[in-house]
Amino acid sequence: MTEDIFSTETTYFADVILPVPIPRMFTYRVPRHFAADIKIGARVIVQFGRNRVVTAVVGKIHTKPPEKYQAKYILELLDIDPLITPAQLWLFEWIAEYYMCCIGEVMNVAVPSGLKVSSQSRMQLNPDFDHPELLEEKEVEFIEILKTHTSLTYDDAIKFVGEKNINPMIKSLIGKHAIIMYEEVKEKYKPKIAKKIRLKRGYEGSEEVFNLIDSLTKSPKQQSIILEYLKHIPVNELAEKNTHGVDKTLFTQGETSDSALSTLLDKGILEQFEVIVSRFGDDVPDEPLKILLTDAQQAASDEVLQKFTEKDIVLLHGITGSGKTEIYIDLIQKVLEGGSQVLYLLPEIALTTQIVVRLKRVFGDKMGVYHSKFSDNERVEVWRGIVEGRYQFVVGVRSAIFLPMDNLGLVIIDEEHETSYKQFDPAPRYHARDVGIMLGLKQGAKILLGSATPSIESYYQAQTGRYGLVTLNKRYGEAQLPDIVLVDLKAERKAKTMKNDFSSVLYNRIQQNLANKEQTIIFQNRRGYSPYLNCQECNWVSECQQCAVSLTYHMHSTELRCHYCGHKEEIPKACPVCGSGKLRTIGFGTEKLEEDLKAMFDTARVIRMDLDTTRTKNAYQNIITEFEQGGTDILVGTQMISKGLDFDQVSLVGIFDADRMIHFPDFRASERAFQMLTQVSGRAGRRAKKGLVLIQTNDTQQSLLQKVVINDYQGYYTHEISERDSYFYPPFTRIISVTLKHEEQEKAEKAAHWLAEKLLEKLGKARVLGPEKSLIERIRNKYLFDIILKLEKDKLNIKAAKSFLREMIDALHQEKEHKEVDVVVDVDAV
DNA sequence: AGCACGCCGACT
DNA sequence: GTCGGCGTGCTC
């Protein structure tokens with residue numbers, strides 16, 4: 001933008017995206033002094049509302065002044081080079097439109113909060129204040145407190161005053177000009193600092209150092225520090241290498257004395273300095289790992305490449321243990337050599353140290369890792385690493401699709417069937433697989449979906465020729481697929497051979513396995529000890545006060561917990577209704593199986609892996625490592641254990657409650673059951689030895705189980721796809737679920753009926769299901785009603801249908817009696 | 001989503 | 001009389 005002093009200077013306006021769930025942009029005025037520098041995608045700081053200062057992203061720059069209001073000025077421009085690339089901005093808009101949410105919500109999950117600026121109101125004494133006589137007693141006290149501090153935040157002030165509502169007093173003080181409020185704006189990202197030690201100038205020559213050592217013969221501790229230092233910095237290169245120094249921890253963690261070190265620092269022989277370091281000790285591996293593909297793998301890899309010449313998207317259907325990772329690595333290397341970027345998505349629980357270490361050995365410091373357990377600062381470093389071109393390849397979880405890669409050549413979505421790729425709690429309710437495909441296509445990249453149990457949707461695309469299909473039916477090396485056997489629980493119960501919840505078949509096998517020093521995995525997709533507590537006298541059941549579910553009995557933490565709202569309560573000693581002490585647990589979860597196993601096999605080392613034992617950052621990794629190294633005989637876990645973990649020594653897998661998975665009331669139940677059973681079974685027998693999988697069931701004739709037993713993906717798919725076709729489910733339709741929530745059941749229900757009615761009028765009966773009570777009809781004291789829309793992909797303009805839905809929701813909120821009902825829209829709900 | 005403004009109950 | 005409850009409406 002050139003300036004011409006003879007013409008009237010143009011005033012620029014920027015429409016910015018704010019991190020709030022309001023479905024529009026806000027127009028701010030661009031101050032002249034950075035009008036030349038502002039660009040789309042740059043972060044700016046703006047005031048929003050009376051006291052809020054927020055980070056926004058420029059979405060549009062124009063010269064049209066708003067007509068109905070006075071635009072505020074942008075306060076600050078944070079980036080000369082835009083932080084958000086045009087490619088990302090496009091993607092954010094696409095997500096907001098497709099998933100029917102606000103772009104601000106997308107921005108919120110996409111941009112690590114370390115790149116946002118936080119503002120906090122601070123108050124300080126007005127130095128010019130000279131009317132203390134105006135103050136009331138309380139105010140004087142507060143001013144006295146304030147005098148001892150440079151400034152206070154609101155929260156600080158509340159603590160000091162000891163009252164919750166200090167608002168009136170603060171207002172009064174501002175009115176009397178006794179204090180000043182201001183906004184403190186700061187970047188949250190903090191570089192990691194390492195403290196280092198080096199020789200002070202003048203000691204760098206080898207001669208000087210020898211003299212120094214000589215002079216320290218009377219202070220052996222100090223002398224040894226200098227000698228230790230020289231071990232790390234060779235004397236002959238002292239002059240050059242001394243600048244880098246060594247980590248201070250070298251001296252503080254060893255047996256060297258702290259006081260000797262500080263003496264040397266005090267004497268000015270050593271000096272301490274600080275450097276900014278990466279949070280990921282970006283160590284280049286000693287010997288890069290060379291991946292050798294088996295013939296089958298090489299053939300599959302070549303076939304993928306060949307298919308890519310015709311199709312942008314290829315589905316790699318490779319059975320469990322077929323070694324898909326090596327194929328990915330081979331392809332990634334090829335793409336990186338071609339100069340393009342690669343994004344490799346994995347479900348959160350599959351992104352383990354074992355895979356990261358392995359990839360790191362191949363790709364070294366070209367590779368960035370993006371994990372949800374990373375701190376904000378770590379996320380910012382990955383983000384920057386990509387922008388600065390250090391990372392050409394990123395392996396990451398769901399949210400890695402938001403990283404600023406703009407030259408993608410390949411997007412890999414491993415375990416593409418995983419439903420955890422779909423985010424549902426806060427908006428945006430996006431599916432990372434589908435967004436990953438969009439992202440890749442937009443950048444002209446190829447997309448590789450991988451799974452041993454592809455989703456019905458993806459397999460259908462492959463069957464109908466939209467995706468290329470590559471099949472890998474052979475396990476890696478000598479490994480064979482395990483034998484899968486159904487265990488008849490009915491028969492065992494009749495014969496009274498059950499031990500707790502274990503069939504005698506499973507029990508005996510575990511015992512045998514323990515004797516052979518082989519490992520066992522027990523799968524039960526339910527955490528806690530038992531799903532509820534029941535009174536034998538009056539039949540009372542532990543229930544959550546806020547949700548329509550029973551409270552799960554957790555023995556380890558000795559409490560009853562609601563798995564929906566997180567409510568916890570103490571375990572009653574007696575029935576709260578009739579006072580009877582005869583309380584029993586009904587059903588079982590991982591905790592109970594763990595306990596039973598420990599009781600039945602007292603020498604066995606049993607470990608449990610579920611949400612409850614993996615809450616902390618490293619717990620999950622620790623359990624895996626422990627099991628991997630043979631420190632554990634039996635691993636009991638929920639679906640967590642089914643995801644891409646490779647353990648060599650597992651020869652037995654026991655599966656509980658398969659029936660519950662199959663009969664879950666949801667059209668995806670059989671898909672999920674097949675996937676889960678196949679995936680868990682796949683954990684058995686990774687080496688030459690053939691594994692065994694025992695599935696306990698009440699119905700050994702169940703057709704889905706039969707297909708799992710013979711590993712018949714095709715048969716399962718053929719059956720499932722015809723069901724989907726007959727009942728108008730995906731992939732033939734798109735599902736949009738609309739949930740209405742309110743504290744009062746009647747209000748939620750009425751609003752749901754009102755909305756369903758409107759939708760029905762236009763979309764017709766076949767496309768609108770419900771309203772119906774949600775599966776869990778009350779959560780956190782709100783009653784839930786669902787309306788399900790089934791929209792055909794071919795006959796219907798889905799975009800138009802979505803905007804119609806939006807209009808009707810807005811119309812609902814225009815109605816007085818329905819306006820306080822919350823409406824949640826989930827596009828492609830899983 | 002925040003956050004302020006505004007209109008009605010239980011307390012100095 | 002006021003403090004303080006949360007309904008409602010706006011934010012460039």
Side-chain angles (χ1 to χ4, degrees), chain A residues 11-31 35 38 40 42-77 96 99-111 113 116-123 136-139 153-155 157-158 161-172 174-175 181 183 185 423 425-429 741-744 747 751 780-782 809-810 812-825:
Chain A
T11 304
Y12 288 95
F13 294 89
D15 294 350
V16 304
I17 302 160
L18 289 166
V20 289
I22 304 169
R24 65 197 132 103
M25 297 214 255
F26 287 79
T27 307
Y28 284 83
R29 196 168 160 166
V30 180
I38 195 164
I40 288 175
R43 291 172 306 157
V44 290
I45 296 178
V46 295
Q47 188 177 48
F48 183 59
R50 240 175 203 285
N51 296 313
R52 270 211 294 174
V53 176
V54 295
T55 310
V57 171
V58 177
K60 211 174 149 193
I61 298 168
H62 57 90
T63 56
K64 195 171 161 286
E67 285 163 19
K68 296 193 179 105
Y69 54 87
Q70 186 70 39
K72 284 182 183 164
Y73 274 104
I74 289 173
L75 300 177
E76 251 178 278
L77 175 65
Y99 291 103
M100 298 183 68
C101 66
C102 304
I103 190 153
E105 292 171 313
V106 181
M107 199 65 72
N108 256 344
V109 293
V111 180
S113 52
K116 291 174 202 154
V117 177
S118 67
S119 100
Q120 194 154 35
S121 299
R122 298 193 77 94
M123 57 192 83
E136 288 168 32
E137 199 180 318
K138 267 168 91 181
E139 295 174 346
T153 66
Y154 227 81
D155 288 348
I158 287 170
V161 178
E163 278 176 45
K164 332 137 227 146
N165 195 355
I166 54 168
N167 229 342
M169 177 172 73
I170 300 297
K171 269 191 188 155
S172 149
I174 295 170
M181 298 294 295
E183 295 295 320
V185 174
Q423 163 154 322
D425 199 15
R429 297 177 173 78
K741 310 184 186 183
H742 197 271
E743 280 93 347
E744 293 167 48
K747 282 197 178 170
R780 290 175 200 275
N781 274 332
K782 288 196 171 177
I809 292 169
D810 291 343
L812 177 85
H813 284 145
Q814 296 298 307
E815 299 282 311
K816 252 200 243 75
E817 51 184 326
H818 301 135
K819 77 165 77 176
E820 56 207 33
V821 175
D822 291 338
V823 181
V824 174
V825 180

*Using a 4.5 Å cut-off on heavy atoms from C-beta on, say whether the side chain of A/V46 contacts that of A/K72.*
no
*Counterpart residues, ring pair (Phe, Tyr, Trp, His ring centres under 6.0 Å), relative to A/F26 (two or more places apart)*: A/F48
*asked:* In this structure, how many angstroms lie between the P atom of C/dT11 and the CZ atom of A/R29, rounded?
replied: 19 Å
Got a list of protein N/O to nucleotides 6-9 of chain B N/O distances below 3.5 Å?
none

*Taking NZ from A/K819 and P from C/dC10, how many angstroms apart are they, rounded to a whole number?*
10 Å
*Closest non-hydrogen atom pair, A/A751 against A/V821*: CB-CG2, 3.8 Å
*Atom pair distance, as rounded to whole Å: CD in A/E67 and P in C/dC12*: 18 Å
*Could you check how far OH of A/Y69 sits from C1' of C/dC10, rounded to whole Å?*
13 Å
*Would you mind reporting whether A/T27 and A/Y69 have side-chain heavy atoms less than 4.5 Å apart?*
yes
*Separation of A/D822 atom CG from C/dG7 atom C1', in whole Å?*
14 Å
*asked:* Taking A/D822's backbone N and O only, do any of them form a donor-acceptor pair with A/H813's side chain (distance below 3.5 Å, no angle check)?
replied: no
_Under-4.0 Å side-chain N/O to phosphate OP1/OP2 contact, A/R52 with B/dA1_ = no
*Shortest non-hydrogen contact from A/Q47 to A/Y28?*
O-OH, 2.7 Å
*Would you kindly give the NZ-to-C1' distance between A/K68 and C/dT11, to the nearest whole Å?*
15 Å
*If you check the A/F48 side chain, which of B/dC5, C/dG9, C/dC12 turns out closest?*
C/dC12
*asked:* Please list, in numerical order, the residues of residues 21-28 of chain A that have a heavy atom closer than 4.0 Å to any atom of DNA chain C.
replied: A/I22, A/R24, A/F26, A/T27, A/Y28
*Round to the nearest Å and state the distance from A/Q47 atom CD to C/dC12 atom P.*
7 Å
*Pairwise side-chain contact, A/R52 with A/L18, heavy-atom cut-off 4.5 Å (strictly under)*: no
*asked:* Between P on B/dA1 and CE on A/M107, what's the gap in Å once rounded to a whole number?
replied: 18 Å
*Taking all non-hydrogen atoms of both residues, which atom of A/P19 and which atom of A/T55 are closest, and how far apart?*
CD-O, 3.3 Å
*So, for A/I74 and A/P31, which heavy atoms are closest and what is the spacing to 0.1 Å?*
O-CG, 3.3 Å
